[in-house]
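Chain letters run A, B, ... following the sequence lines, proteins first, then strands; residues in each count from 1. The shown structure was predicted, so the numbers you read here are calculated from the model rather than taken from an experiment.
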2 protein chains.
Amino acid sequence: MNPTIQNQLSHRTIREFTDEPVTSAQLATLLDVANRTATSNGMQQYSLLRITDPDMRRQMAQVSTQEYLTRCPELFVFIVDVYRNARIAEELGHTPESRADMDRFIQGFTDAALAAQNMTVAAESMGLGAVYFGSILNDPRRMVKILGLPQLTFPVVGLGIGHPNQEPQLKPRMPVELKVFENGYRVFDSYLDEMKAYDEEMQTYYDLRDANRRVDSFTKQVVTKLLNVIESRTTILQVVREQGFILKAEE
Amino acid sequence: MNPTIQNQLSHRTIREFTDEPVTSAQLATLLDVANRTATSNGMQQYSLLRITDPDMRRQMAQVSTQEYLTRCPELFVFIVDVYRNARIAEELGHTPESRADMDRFIQGFTDAALAAQNMTVAAESMGLGAVYFGSILNDPRRMVKILGLPQLTFPVVGLGIGHPNQEPQLKPRMPVELKVFENGYRVFDSYLDEMKAYDEEMQTYYDLRDANRRVDSFTKQVVTKLLNVIESRTTILQVVREQGFILKAEE
């Protein structure tokens, strides 16, 4: 097993970092790796924001409700960026509706996520740790404002990077057999039955992680998370529209 | 520079593969890596289809219009999968509307893309090559049918993997400075000016790649691609709705 894969198989989220900064050489490499990532149609419809301003970070942490966001040595936000190419086309005399369609949005969203994961792998290969912040979308409208995003851009995911100051256990994943299907989707008779062993594994993991924390099986977590709706998260599509994208969802 | 990053910085799309198969040990490792990828909220709202059936591949290639899709030694489709957790909740007596909301869709979409990129890096670290097929979304409705996807699932991206039978040049990327901004989005006065050097670099790249092929700068490609709309790609959001997701895009 090569070192790349060894690192990938030991991936865990790192939420606490030492004070040691990410060097400017490391930072440059991380950005180069992100920039080299495959991109839909070669169109590079994403961008990155590097957030160093403490006040912006504080506001972002209010949205994410994860205070440790403010303390990540490096903090990035990967965004859909269709604005840049729309401006290029405009300067060349073209303003087709397509520049703002959902196809472009989805391409940019994919680009941004691929680049984020590529950077994560690169960081981990350097011995750095990483934490994703999906929580930046807890309030998409406010996040757009905090980040000062123009039309035809949209935040996808945040990523914190630094030198790990904790060594968490590997968090168990459901077996590959429940997630990988050959030549067509497989529906199971009872998902609770299929998840039994994994549920037990998850409970043992939580027991070991923190004896004082309430222990939940995976299936119970699914229900808890589905019932705890963050209302402002459900505005995603409205904010996508407010950012200038044409939804065209109607028949 | 460590071997992981060396590989990442030499990423290029591989479209032609030798007959040498991906071994079952390699396949198992690739799936384990995908499964270990970070996932929104720990909810694992994505799945993978491995497509080995020649007839399914032929149909997929009709949608993608990329014939070489049929010939990839391994072919995967990463999908949003909210169905599995919805079934778990249902078996536990809960059918909240949230199980089908756009928040869940976006989480699953992000999960699927992160897992795809993680698998790509793993494959490349083994000396394998990879090609993304964003083109599976050229006709989302038909792709859903071909793949036999149930409600609350949706295709994100295809990925072909195998032993490279070509050694393409590195495709130039626009400079990091046009894509990475500190503390807020940066708008440039003239994008054509900013892209001038990159446009020249791209033309040289195409000249070297294939002297007979029409040579286009990046900025001209942007216009060409915006003007060549694939109508069925613009149905994405309708098909997301047909797959049972609640769009709630209205004010």
Between Asn183(A) and Thr52(B): side-chain donor-acceptor atoms closer than 3.5 Å: yes
Contacts of Arg50(A) that satisfy salt bridge (Lys or Arg N to Asp or Glu O under 4.0 Å) - sequence neighbours left out: Glu74(A), Glu182(B)
Contact check, side chains of Arg84(A) and Phe188(B), non-hydrogen atoms, under 4.5 Å: no
Pairwise side-chain contact, Tyr185(B) with Asp81(A), heavy-atom cut-off 4.5 Å (strictly under): yes
Which atom of Lys225(B) lies closest to which atom of Asn41(A), heavy atoms considered: NZ-O, 2.9 Å
Residue selection (most heavy-atom pairs with chain B, distance under 4.5 Å) from Leu147(A), Val240(A), Leu92(A): Leu92(A)
Leading residue by heavy atom contact count with chain B [cutoff under 4.5 Å; candidates Gln221(A), Lys220(A), Gln117(A), Arg12(A)]: Gln117(A)
Residue Gln107(A) versus chain B: region with a heavy atom under 4.5 Å: side chain
Options Asn85(B), Ile51(B), Ile236(B), ranked by heavy-atom pairs under 4.5 Å with chain A, top entry: Asn85(B)
Part of Met126(A) lying under 4.5 Å from any heavy atom of chain B: both
Which atoms of Asp103(A) approach chain B - backbone, side chain, both or neither, heavy atom under 4.5 Å: both
Note, Arg87(A) side chain near Val187(B) side chain (heavy atom, < 4.5 Å): yes
Per-residue contact mode, Pro140(B) against chain A (heavy atom under 4.5 angstrom): neither
Heavy-atom check, side chain of Val33(B) versus side chain of Ile5(A), under 4.5 Å: yes
Selection from Gly184(A), Ala116(A), Ser47(A), Ala115(A) maximising heavy-atom pairs under 4.5 Å formed with chain B: Ser47(A)
Stepwise side-chain contact (heavy atoms from CB on, under 4.5 Å) check, Tyr46(B) with Lys179(A): CA-CA 7 Å; Tyr46(B) 71 103; Lys179(A) 220 181 243 179; 3.5 Å; yes
Interchain contact, Phe181(A) with chain B, by part (heavy-atom threshold 4.5 Å): both
Note, Thr234(A) side chain near Met102(B) side chain (heavy atom, < 4.5 Å): no
Greatest number of heavy atom pairs closer than 4.5 Å to chain B - which of Leu227(A), Thr13(A), Thr120(A): Leu227(A)
Whether Glu91(B) side chain and Ser190(A) backbone form a donor-acceptor pair below 3.5 Å: no
Atom pair CD1/CG of Ile246(B) and Leu237(A) - distance to nearest 0.5 Å: 12.0 Å
Under 4.5 Å from a heavy atom of chain B, the part of Ile79(A) involved: side chain
Rounded distance (nearest 0.5 Å) linking atom CD of Glu231(B) with atom OG of Ser98(A): 10.0 Å
Leu137(A) versus chain B, the contacting section by heavy-atom distance below 4.5 Å: side chain
Heavy-atom check, side chain of Leu114(B) versus side chain of Tyr132(A), under 4.5 Å: yes
Options Ala130(B), Ser125(B), Ser10(B), Ala113(B), ranked by heavy-atom pairs under 4.5 Å with chain A, top entry: Ser125(B)
Chain A contacts, top residue of Leu31(B), Thr153(B), Val156(B) (heavy-atom pairs, under 4.5 Å): Leu31(B)
Heavy-atom pair with the smallest gap, counting every atom of His11(B) and Arg36(A): O-CD, 3.5 Å
Contacts of type ring-ring contact (aromatic ring centres under 6.0 Å, His included), residue Phe245(B), not counting sequence neighbours: Phe105(B)
Closest-packed option against chain B by number of heavy-atom pairs under 4.5 Å, given Gly42(A), Ala122(A), Gly134(A), Gly148(A): Ala122(A)
Point-to-point distance, once rounded to the nearest 0.5 Å, from CD of Glu97(B) to CG of Leu226(A): 12.0 Å
Heavy-atom check, side chain of Asn118(A) versus side chain of Gln8(B), under 4.5 Å: yes
Polar side-chain atom of Gln44(B) near backbone of Arg173(A) as donor-acceptor pair, under 3.5 Å: no
Student check: side-chain heavy atoms of Phe109(A) and Thr110(B) closer than 4.5 Å: yes
Spacing of CE belonging to Met43(B) relative to CZ belonging to Phe218(A), to within rounding of 0.5 Å: 4.5 Å
Part of Thr219(A) lying under 4.5 Å from any heavy atom of chain B: both
